[in-house]
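Bear in mind that the values here come from a model prediction, so they are computed numbers and not experimental data. Each ligand, and each atom within it, is numbered from 1 in the order the structure gives.
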Amino acid sequence: MNDRKIHIESVCAAEPKVSKTTEAHKNPIYASSTFRFDSIDEGISIFKDQPGGHVYTRYGNPGIEAVAAKIAQLEVFGSSTSAYGLLTSSGMAAIYTAVRCVLQSGDVLVTQQNLYGGTTELFEKILPSENIQCLALDFAEEGALDKILSKHSRRNMAIFIETPANPALQCLDIQAVCELAKAYGARVIVDNTFATPVLQRPLLLGADLVAHSTTKYLHGHGLSTGGAVIGRDEDIMRNKAWTFMKLTGCNSNPFDAWLLNTGLKTLALRIIRQSENAFYIAKRLREMKGISRVLYPGLPDFSTHAFASKQMSHFGAMLSFEPGNSLMDAKTFCNKLRHCTIAPSLGETDTMVLHPATMSHLKVDPSLRQHYGITDSLVRMSVGLEHPDDILADIEQALAV
Ligand SMILES: Cc1ncc(COP(=O)(O)O)c(C=O)c1O
C-alpha cells in the first residue's frame with residue numbers, strides 16, 4: 001500500500017513540507033485558517049485547553065498572538081504588572097469586545113458625551129438593544145460622575161472614556177476616574193488610540209481594560225484595519241474577552257497582525273516626533289492671522305492641559321483649529337490645502353485633515369457638538385512626520401485670500 005503511486009491531483013492538493021534549518025529572523029505570516037494535529041488525542045487535549053495551543057485562526061494564531069502580547073507588554077511597560085492582549089478586526093470591534101466582556105444585559109455603561117462619533121453611535125444604537133443602559137455625561141461637570149455612579153450603585157457598571165478625545169482633544173484625569181470607579185465597584189475601559197502606550201498607559205493608572213484602533217498610530221501607515229483589547233485580569237481577558245471574540249468572529253487576521261507588527265517597530269520614534277511637530281505647529285497657529293481657535297493638550301491655557309501633563313509624556317500628534325468662523329471658511333481652507341490630505345483617518349506618517357462636523361461627527365447631535373466645541377469651522381489635523389515648516393507653509397497658503 002505504501003508503495004502505491006499517488007495521482008497528480010493529490011500532489012497538487014497537498015501542502016508541501018517546509019524545510020527549516022534555522023529560525024526566520026522576522027516572524028512569518030501564519031496564513032493558515034487551521035492547524036493540524038498529529039493524532040486525535042493531541043486534538044482533544046488542545047481543544048480542551050483553549051485558549052492555548054492552536055486549532056483554528058478565529059480561536060488563535062501564533063502571529064496574531066505574538067503581536068497582541070507585544071501591545072500588552074507596551075501597555076504595562078515600566079511596571080511589574082502582567083497584561084493580556086487580543087487583536088480584533090477593527091477599533092470598533094475592540095471597543096465592543098471590551099464593553100461586552102464586562103457588561104451583560106441589565107448592566108450600565110457610563111461614558112462621556114464627547115467620544116469618537118462611531119463609539120457614540122455604537123453605544124446609542126447597539127447597546128440598548130442588548131439591554132445595556134448607556135448614560136453619557138459631561139465629565140467636566142463637578143460631581144456628575146459621582147452622582148451617576150451613586151444613583152446606579154446597585155447595578156453592575158463600567159465606565160468608558162477616551163482621552164484625549166476625538167476631535168476637540170479634551171483630556172480626563174484617568175487616575176481620578178479609576179479611583180472613583182473602584183469606590184463603586186465599576187470597571188474602567190480607556191480608549192488609548194490617540195495617545196498610544198508610548199505616551200500614556202491607562203492600565204498603570206488603575207484602568208481595567210484598554211481599547212485601541214490599531215488602524216491609527218499603532219500600525220501607523222494606513223495599510224491595515226484592526227483593534228486591540230488589553231487587560232490586566234486573566235479571567236476577563238482569557239475567558240470573557242477571548243470567548244466573545246471567538247464567538248462573534250471579530251478576530252484579527254494573520255496579514256493585518258503582521259502589518260501591525262511592522263508598524264509597531266517605529267511607533268515610539270513616530271509618535272514622539274509627530275507630537276513634537278504638532279506642538280510646534282499648535283504654537284505657530286496661535287500667532288497666525290486667520291486662525292480663530294487652536295485646541296492642543298500641550299498648550300498651557302488648553303482647558304484640560306493639567307490632566308494631559310499629569311498622565312502623558314508628550315501631548316500627542318492630534319490638534320484641531322478653526323481657520324475662520326464658518327462652515328464655508330473650513331471648507332474653503334481644506335479644499336485649498338495642497339500638501340495635507342483630506343482623509344477620514346489619523347495616525348499615519350503624512351498629515352491628514354478632517355472636518356468633524358460633516359464627517360466623523362456628522363451623526364452627533366448638533367447641540368452636543370456645539371457644547372464640546374466641535375463647531376462647523378473646526379478642522380482636525382493628524383500631524384505627520386513631514387518637516388513642520390512644510391505643513392505650516394501649506395496652512396499659510398490655504399489661508400491666504
Ligand atoms: C478614538 C477612536 N477610537 C476608535 C475608533 C474606531 O476605530 P476603527 O476605525 O479601527 O474601527 C476611531 C476611529 O476613528 C477613533 O478615532
Side-chain angles (χ1 to χ4, degrees), residues 67-68 71 75 86-100 109 111-127 136 160-172 174 189-197 199-200 202 207 209-230 245 248-253 256-257 259-260 263-264 271 274 295 297 308 312 316-320 341-348 352-364 372 374 378-383:
V67 182
I71 299 174
E75 284 292 351
L86 285 177
L87 296 190
T88 55
S89 54
S90 66
M92 295 308 296
I95 292 168
Y96 191 41
T97 302
V99 169
R100 287 307 319 273
L109 181 73
T111 191
Q112 66 203 71
Q113 291 163 323
N114 54 334
L115 294 165
Y116 161 60
T119 311
T120 299
E121 250 194 292
L122 169 73
F123 292 170
E124 284 179 353
K125 294 187 178 160
I126 307 291
L127 294 189
F160 182 96
I161 59 173
E162 179 183 299
T163 176
N166 184 356
L169 305 160
Q170 289 98 346
C171 298
L172 296 176
I174 300 173
I189 306 165
V190 180
D191 183 332
N192 204 25
T193 298
F194 270 33
T196 84
L199 308 189
Q200 169 178 284
L209 294 166
V210 160
H212 276 285
S213 166
T214 62
T215 317
K216 311 298 188 312
Y217 292 103
L218 297 198
H219 168 58
H221 295 72
L223 306 170
S224 152
T225 297
V229 184
I230 316 295
M245 182 197 75
T248 56
C250 68
N251 51 286
S252 180
N253 63 80
D256 276 306
L259 280 172
L260 171 55
L264 278 173
I271 192 69
Q274 287 174 248
L295 302 173
M312 297 176 78
M318 299 299 300
L319 63 91
S320 291
T341 309
I342 306 171
S345 193
L346 60 107
E348 301 186 16
M352 299 155 89
V353 296
L354 167 139
H355 184 244
T358 57
M359 297 178 183
S360 59
H361 289 67
L362 177 67
K363 298 264 162 67
V364 175
Y372 287 101
I374 309 165
L378 193 76
V379 171
R380 186 191 79 183
M381 177 172 272
S382 166
V383 177

Y116: partners by ring pair (Phe, Tyr, Trp, His ring centres under 6.0 Å), with sequence neighbours left out: none

Summary of side-chain hydrogen bond (donor to acceptor under 3.5 Å, both in side chains) pairs that have at least one residue in residues 352-362, sequence neighbours excluded: H355-T358

Minimal non-hydrogen separation, L259 against L223, with atom names: CD1-O, 3.6 Å

Salt bridge (charged side-chain N to carboxylate O under 4.0 Å, His left out) contacts touching residues 218-230 (sequence neighbours left out): none

Ring centers of Y217, F194 separated by less than 6.0 Å: no

Tabulation required: pairs of a nitrogen or oxygen in ligand 1 and a protein nitrogen or oxygen under 3.5 Å; columns are atom names and distance to 0.1 Å; otherwise 'none'.
unit_1: ligand 1; atom_1: 3 (N); unit_2: D191; atom_2: OD2; d: 2.7
unit_1: ligand 1; atom_1: 7 (O); unit_2: S213; atom_2: OG; d: 3.0
unit_1: ligand 1; atom_1: 10 (O); unit_2: G91; atom_2: N; d: 2.9
unit_1: ligand 1; atom_1: 10 (O); unit_2: S213; atom_2: OG; d: 2.8
unit_1: ligand 1; atom_1: 10 (O); unit_2: T215; atom_2: OG1; d: 2.7
unit_1: ligand 1; atom_1: 11 (O); unit_2: G91; atom_2: N; d: 3.0
unit_1: ligand 1; atom_1: 11 (O); unit_2: M92; atom_2: N; d: 2.9
unit_1: ligand 1; atom_1: 14 (O); unit_2: K216; atom_2: NZ; d: 3.0
unit_1: ligand 1; atom_1: 16 (O); unit_2: N166; atom_2: ND2; d: 3.0

Spacing of CD belonging to Q170 relative to CD1 belonging to I161, to within rounding of 0.5 Å: 13.0 Å

